[in-house]
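Model, not experiment: these values are computed from the prediction.
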Amino acid sequence: MKKLVQIILASAVLLVLLGMVRGEYRYNQVQIQQTMERIDPAHNPDISYLEFLTYRVMKNGSARIATLGSSVTKGVGASSPNFSWRALMQQDIRDASRPLRHVTISNHGHSGYTSVMLLNQDVLTKVFSSRPDLIILETSVINNYRRSVTLDDTKKSIEQLYSTFKRELPGVEILFISPNPILKENLDPSGLNQLGLTFEEYVDFTQEIILDNGWNYFDTHGHMLAHMDEQNIKKKDILNDKIHPNDLGYRIWHEELYYNALAQPYFGQK
């Protein structure tokens with residue numbers, strides 16, 4: 001009889017525990033559903049890129065970012081690949097929350113490439129195959145400036161990059177970013193290329209094109225300069241040479257991009 005009572009009590013405890021587990025599961029499912037509704041980009045334009053990536057992870061089990069651009073996107077100048085802005089960004093995104101641990105970033109930085117050269121089919125195919133949810137597209141205008149690419153060709157290439165990715169990757173988000181500040185004498189003491197244009201003119205020109213089209217843009221160049229001015233840091237202090245950032249430069253790039261674009265509502269645009 002005593003043994004029967006013990007069995008009955010144990011069964012009752014087990015039923016209570018199972019009920020608690022089921023209740024907690026239902027509660028968690030409700031919480032997950034509410035979170036997904038709140039950060040669903042189809043209905044909430046005020047979310048951040050981090051929330052957008054969280055939504056994609058919760059919906060699909062993972063999320064992917066592709067970074068595309070020139071050597072400063074590739075990470076040239078850093079003492080190790082782990083100190084590039086891309087690697088630093090990936091680490092901070094993954095550390096931000098449990099869902100974001102499932103975010104991966106593929107790097108499609110190409111040394112010496114202009115925005116026109118990024119339209120090379122091999123470059124595009126590799127980005128397509130990475131199936132990104134978000135493309136962070138560095139405009140590569142350091143090389144447009146250094147190779148004296150016309151402003152007209154610069155404009156056409158930026159617009160073609162956007163239309164190509166939107167057509168081939170339905171649902172992808174695209175964030176254009178400018179490259180880092182460089183030393184004026186990297187090409188000529190005057191700072192002018194063969195077309196008589198400065199690097200800053202290319203930065204300003206591409207920003208105007210992108211914003212006029214209503215596309216998302218982050219002014220890495222301007223944000224880094226403001227950060228450096230506040231901290232009394234000179235351009236030469238953040239560069240490995242006259243063009244490529246060193247570890248400090250990439251850290252500043254990452255911090256400005258992460259906190260002032262990726263973590264801000266409205267995809268950092270308001």
Side-chain angles (χ1 to χ4, degrees), residues 64-90 104-130 132 134-151 153-154 156-158 160-162 164-165 174-188 191-195 197-203 205-206 210 218-221 224 235-254 256-257:
R64 301 177 181 88
I65 301 172
T67 57
L68 174 63
S70 64
S71 57
V72 296
T73 291
K74 187 176 182 179
V76 174
S79 63
S80 160
N82 293 332
F83 295 112
S84 68
W85 67 266
R86 184 214 62 84
L88 295 171
M89 180 179 67
Q90 178 172 275
T104 57
I105 303 179
S106 58
N107 191 337
H108 304 273
H110 300 273
S111 295
Y113 274 40
T114 65
S115 60
V116 177
M117 296 167 73
L118 294 180
L119 288 163
N120 179 286
Q121 190 57 49
D122 184 56
V123 174
L124 296 176
T125 298
K126 287 179 180 177
V127 177
F128 297 157
S129 65
S130 69
L134 168 65
I135 297 175
I136 300 179
L137 207 169
E138 179 250 312
T139 57
S140 298
V141 290
I142 289 177
N143 294 317
N144 287 44
Y145 155 71
R146 288 176 57 80
R147 293 175 180 266
S148 297
V149 176
T150 66
L151 294 183
D153 284 344
T154 298
K156 289 177 181 177
S157 63
I158 293 294
Q160 191 173 344
L161 282 164
Y162 183 88
T164 299
F165 287 127
I174 299 173
L175 173 62
F176 284 97
I177 66 173
S178 59
N180 55 279
I182 63 177
L183 293 180
K184 183 181 76 170
E185 58 271 21
N186 79 93
L187 190 62
D188 184 89
L192 301 176
N193 66 6
Q194 292 178 4
L195 299 175
L197 297 170
T198 66
F199 166 62
E200 288 75 18
E201 286 178 290
Y202 280 87
V203 172
F205 179 73
T206 46
I210 294 162
F218 181 73
D219 182 14
T220 309
H221 180 267
M224 288 184 70
K235 282 185 185 180
K236 62 181 179 62
D237 297 328
I238 61 104
L239 296 173
N240 180 272
D241 47 33
K242 296 177 181 180
I243 297 172
H244 303 95
N246 55 23
D247 290 352
L248 173 60
Y250 280 123
R251 181 175 62 78
I252 294 172
W253 181 328
H254 156 66
E256 293 298 321
L257 174 62

Participant: What class does the angle between the rings of Trp253 and Trp85 fall in, given that below 30° is parallel, 30 to 60° is tilted and above 60° is perpendicular?
Facilitator: parallel

Participant: How close do Ile252 and Met224 get, counting heavy atoms only, and between which atoms?
Facilitator: CG2-CG, 4.1 Å

Participant: Under the criterion side chain to side chain contact (heavy atoms under 4.5 Å, CB included), I'd like the reasoning laid out for Met117 against His110: C-alpha separation, chi angles, the key distance, then a yes or no.
Facilitator: CA-CA 9 Å; Met117 296 167 73; His110 300 273; over 6 Å; no

Participant: About how many Å separate CG of Asn180 and CD of Glu138, when rounded to the nearest 0.5 Å?
Facilitator: 8.0 Å

Participant: Okay, side chain of Ser84, backbone of Ala87: is any donor-acceptor separation there less than 3.5 Å?
Facilitator: yes

Participant: Taking CD in Gln121 as the centre, count heavy atoms belonging to other residues, nucleotides or ligands within less than 6.0 Å. Is the count above 12?
Facilitator: yes

Participant: Tell me, do Thr139 and Pro179 make a side-chain contact under 4.5 Å, heavy atoms counted?
Facilitator: yes

Participant: Less than 4.5 Å apart, any side-chain heavy atom of Asn144 and any of Thr206?
Facilitator: no

Participant: Nearest 0.5 Å, what's the CG-NZ distance between Leu119 and Lys156?
Facilitator: 12.5 Å

Participant: Which pair of heavy atoms, one from Val76 and one from Ser111, lies closest together, and at what distance?
Facilitator: CG2-OG, 3.8 Å

Participant: Scan Thr154, Asn143, Asn193 and name whichever one has a side chain to side chain donor-acceptor pair (under 3.5 Å) with Tyr202.
Facilitator: Asn193

Participant: Mind running side chain to side chain contact (heavy atoms under 4.5 Å, CB included) on Leu161 and Phe165 for me, showing each step along the way?
Facilitator: CA-CA 6 Å; Leu161 282 164; Phe165 287 127; 4.1 Å; yes

Participant: Any chance NZ of Lys184 has more than 12 other-residue heavy atoms, nucleotides or ligands included, within less than 6.0 Å?
Facilitator: no

Participant: Taking all atoms of both residues into account, what is the closest heavy-atom pair of Tyr145 and Asn186, and its distance?
Facilitator: CE2-ND2, 3.5 Å

Participant: What closest approach, in Å, do Ser71 and His244 show between heavy atoms, and which atom pair accounts for it?
Facilitator: OG-NE2, 2.8 Å

Participant: Are any of the side-chain heavy atoms of Ser115 and Val141 separated by less than 4.5 Å?
Facilitator: no

Participant: Looking only at heavy atoms, which two atoms of Ser178 and Val203 are closest? And how far apart?
Facilitator: CB-CG1, 4.2 Å

Participant: Can you tell me how far the CD1 atom of Ile135 sits from the OG atom of Ser130, to the nearest 0.5 Å?
Facilitator: 7.0 Å

Participant: Rounded to the nearest 0.5 Å, how far does CG of Leu187 lie from CD of Glu185?
Facilitator: 11.0 Å

Participant: Taking Asp247 first and then Arg251, would you say they form a salt bridge - that is, a charged N and a carboxylate O separated by under 4.0 Å?
Facilitator: no

Participant: Hey, does Ile105 have a side-chain heavy atom less than 4.5 Å from the side chain of Ile136?
Facilitator: no

Participant: Can you tell me how far the CG atom of Leu68 sits from the OG atom of Ser106, to the nearest 0.5 Å?
Facilitator: 9.5 Å

Participant: Of all heavy-atom pairs between Asp237 and Leu248, which one has the smallest distance, and what is that distance?
Facilitator: O-CD2, 3.7 Å

Participant: Using distance alone, with no hydrogens and no angle criterion, decide if Asn120 and Tyr113 have a side-chain donor and acceptor under 3.5 Å apart.
Facilitator: no

Participant: Quick one: does Thr125's side chain have a donor or acceptor within less than 3.5 Å of a partner on Asp122's backbone?
Facilitator: no

Participant: Let me confirm one number: the OG1-CG distance from Thr114 to Asp153, rounded to the nearest 0.5 Å.
Facilitator: 9.0 Å

